[in-house]
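Just so it is clear: chains get the letters A, B, ... in the order the sequence lines come, proteins before strands, and each one is counted from 1.
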Amino acid sequence: MRISAAQRAAIERVSLTVLVVLSAAMIILAKADQVLIQSVRSAVMDGAAPALDAISRPAAALVASANRVLSVMTVYRENLRLAEENERLLGWQQVALRLSTENAELRELTKLAPEPPVSFVTARVIADSGGAYARSVMVDAGSENGVARGQAAMTGEGLAGRVSEVGTRAARVLLITDLNSRVPVVVDGTHQRAILAGDNSARPSLRYRDADGTVRIGDRIITSGEGGVFPPGLPVGVVASVDGEAPRVEPYAALSRLDYLRLVDYGLAEALPTPLSISGRGGKRADYGSDGQRPPRR
Amino acid sequence: MTNVLPIVTTVAAALLSIEPLYIGGYAALSPAFALMAAYHWTIYRPDLLPPLSLFAIGMIQDLLSGALPGISAIMLLLARAIVLANRHDFVDRRFSFVWAGFAALTGGAMLFSWALHSLLAGHVLELREPVFRGLLTISVFPIASFLLGRGQRALIGAE
């Protein structure tokens with residue numbers, strides 16, 4: 001049976017309207033029931049991970065070979081720089097060795113409990129958020145590799161974010177620059193605590209500082225370990241500006257071009273609040289105050 | 001069999017936009033490729049990219065990119081509704097005219113998603129990134145349009 005043009009137009013109108021309403025309902029549902037949406041997201045992530053992994057490889061290879069060509073041109077200058085840096089680092093190595101021995105002796109003296117062993121998984125970034133309103137990446141490791149919610153994601157330079165959703169073979173890392181990221185930090189060498197709050201810009205800001213403390217450009221920012229989501233002392237970044245409403249921090253990690261991330265398990269993941277659920281499946285009300293870390297709102 | 005070309009290219013476009021390029025700052029500005037494909041096919045073969053497929057593609061893109069699921073779906077569906085109502089003005093017109101139409105659509109789409117995100121975030125978000133993302137999307141469109149047009153002529157032809 002042929003459908004007339006008028007009928008077709010009517011079907012089009014109805015299906016468009018129904019689907020637009022359905023999309024709007026999905027947005028509201030996603031805001032309300034995070035448990036449901038996270039399990040759907042994990043399933044889709046797992047399904048798409050092999051495809052995303054495959055199509056991200058050519059781009060990675062292309063960028064890598066471009067970098068190789070560029071590095072050939074600067075190899076002489078780079079060599080000089082590295083030789084100089086090596087000399088400086090050898091000096092630091094001596095200092096580190098001396099301090100490490102001294103630290104071991106002092107621990108022995110004070111009978112300090114040994115730190116728990118730390119395990120990590122290295123994962124490749126296979127997708128990023130693609131848009132101006134979220135800062136997160138997807139990596140190609142999941143629960144089958146030992147990845148769990150709340151683990152810290154590090155680059156060689158510093159903290160990049162934390163694992164916010166986990167599938168079987170893929171996981172999402174919420175970057176410290178995301179609008180929803182809140183990390184308890186401390187200014188290194190002082191006892192000044194603050195919350196590092198992302199706002200989707202390249203430099204997250206230091207909020208809720210002690211009223212009497214001052215922060216200067218160049219101050220090192222490290223995690224405070226408060227709330228137990230991250231261990232204390234992870235390098236985060238340096239204060240880059242102090243004018244405006246709140247000081248801004250330049251992260252050590254090059255967050256805008258991540259390729260590999262180390263997901264580190266410090267055994268602290270259970271400190272994260274369970275996301276809100278309207279259907280009551282295992283979700284208890286998240287406690288915003290206790291750890292300074294809001295549950296992901298998306 | 002070649003009738004799935006519009007759906008396949010739009011899915012590919014959606015995946016392309018979340019593809020990491022390992023270039024500083026690219027993630028926030030990556031062009032809205034799916035919008036280009038949706039625009040092209042809605043003008044030339046709307047029958048082969050029905051609303052349900054746009055809904056599914058938008059949802060998958062949002063679930064994979066970490067965005068609030070439904071936002072891309074709504075954007076693609078509204079784009080279809082607007083383009084479909086005016087599609088007879090665009091078929092068989094000069095490319096510059098089609099491009100101008102896409103520029104207007106992109107502007108509207110960026111503004112719409114900015115307003116929606118601002119509403120959901122509870123405060124006014126910065127406009128700079130959506131503006132750049134829109135400009136990048138508009139400037140990449142000729143390449144996408146050329147490739148999609150080539151594929152269309154080779155495999156399916158006009159309605």
Checklist outcome for this item: Checked Leu22(A), Asp199(A), Val40(A) vs chain B; the most non-hydrogen pairs under 4.5 Å come from Leu22(A)

Item to check | Side chain proximity check, Leu64(B) to Met138(A), heavy atoms < 4.5 angstrom | outcome: yes

Next on the checklist: If I measure from the heavy atoms of chain A, does Ser72(B) come under 4.5 Å with its side chain, its backbone, both, or neither?
Outcome noted: neither

Next on the checklist: Less than 4.0 angstrom from a charged side-chain N to a carboxylate O is my criterion; do Arg135(A) and Glu129(B) meet it?
Outcome noted: yes

Checklist entry - Does any heavy atom of chain A fall under 4.5 Å from the side chain of Leu125(B), the backbone, both, or neither of them? => result side chain

Item to check | Segment of Leu116(B) engaging chain A (4.5 angstrom heavy-atom cut-off) | outcome: side chain

Checklist entry - Which atom names give the shortest non-hydrogen contact between Ala24(A) and Ile74(B), and what distance separates them? => result N-CD1, 3.9 Å

Item to check | Side-chain touch Leu120(B)/Lys31(A), heavy atoms, less than 4.5 angstrom | outcome: yes

Item to check | Side chain proximity check, Arg41(A) to Pro69(B), heavy atoms < 4.5 angstrom | outcome: yes

Next on the checklist: Between Ser23(A) and Leu77(B), is there a side-chain heavy-atom distance shorter than 4.5 Å?
Outcome noted: yes

Item to check | Non-hydrogen side-chain atoms of Ser15(A) and Phe55(B) separated by less than 4.5 Å | outcome: no

Next on the checklist: Quick check on Met59(B) against chain A: is it the side chain, the backbone, both or neither that has a heavy atom closer than 4.5 Å?
Outcome noted: side chain

Next on the checklist: For a side chain to side chain contact (heavy atoms under 4.5 Å, CB included) check, start with the C-alpha distance between Leu68(B) and Ile37(A), then their side-chain angles and the critical distance, and finish with the verdict.
Outcome noted: CA-CA 9 Å; Leu68(B) 213 52; Ile37(A) 223 66; over 6 Å; no

Next on the checklist: Given heavy-atom pairs under 4.5 angstrom as the criterion, report whether the side chain, backbone, both or neither of Ala170(A) touches chain B.
Outcome noted: neither

Checklist entry - Given that the side chain runs from C-beta out, which part of Leu84(B) has a heavy atom under 4.5 Å from chain A: side chain, backbone, both or neither? => result side chain

Checklist outcome for this item: Correct closest heavy-atom pair for Tyr133(A) and Met110(B) would be OH-O, 4.1 Å

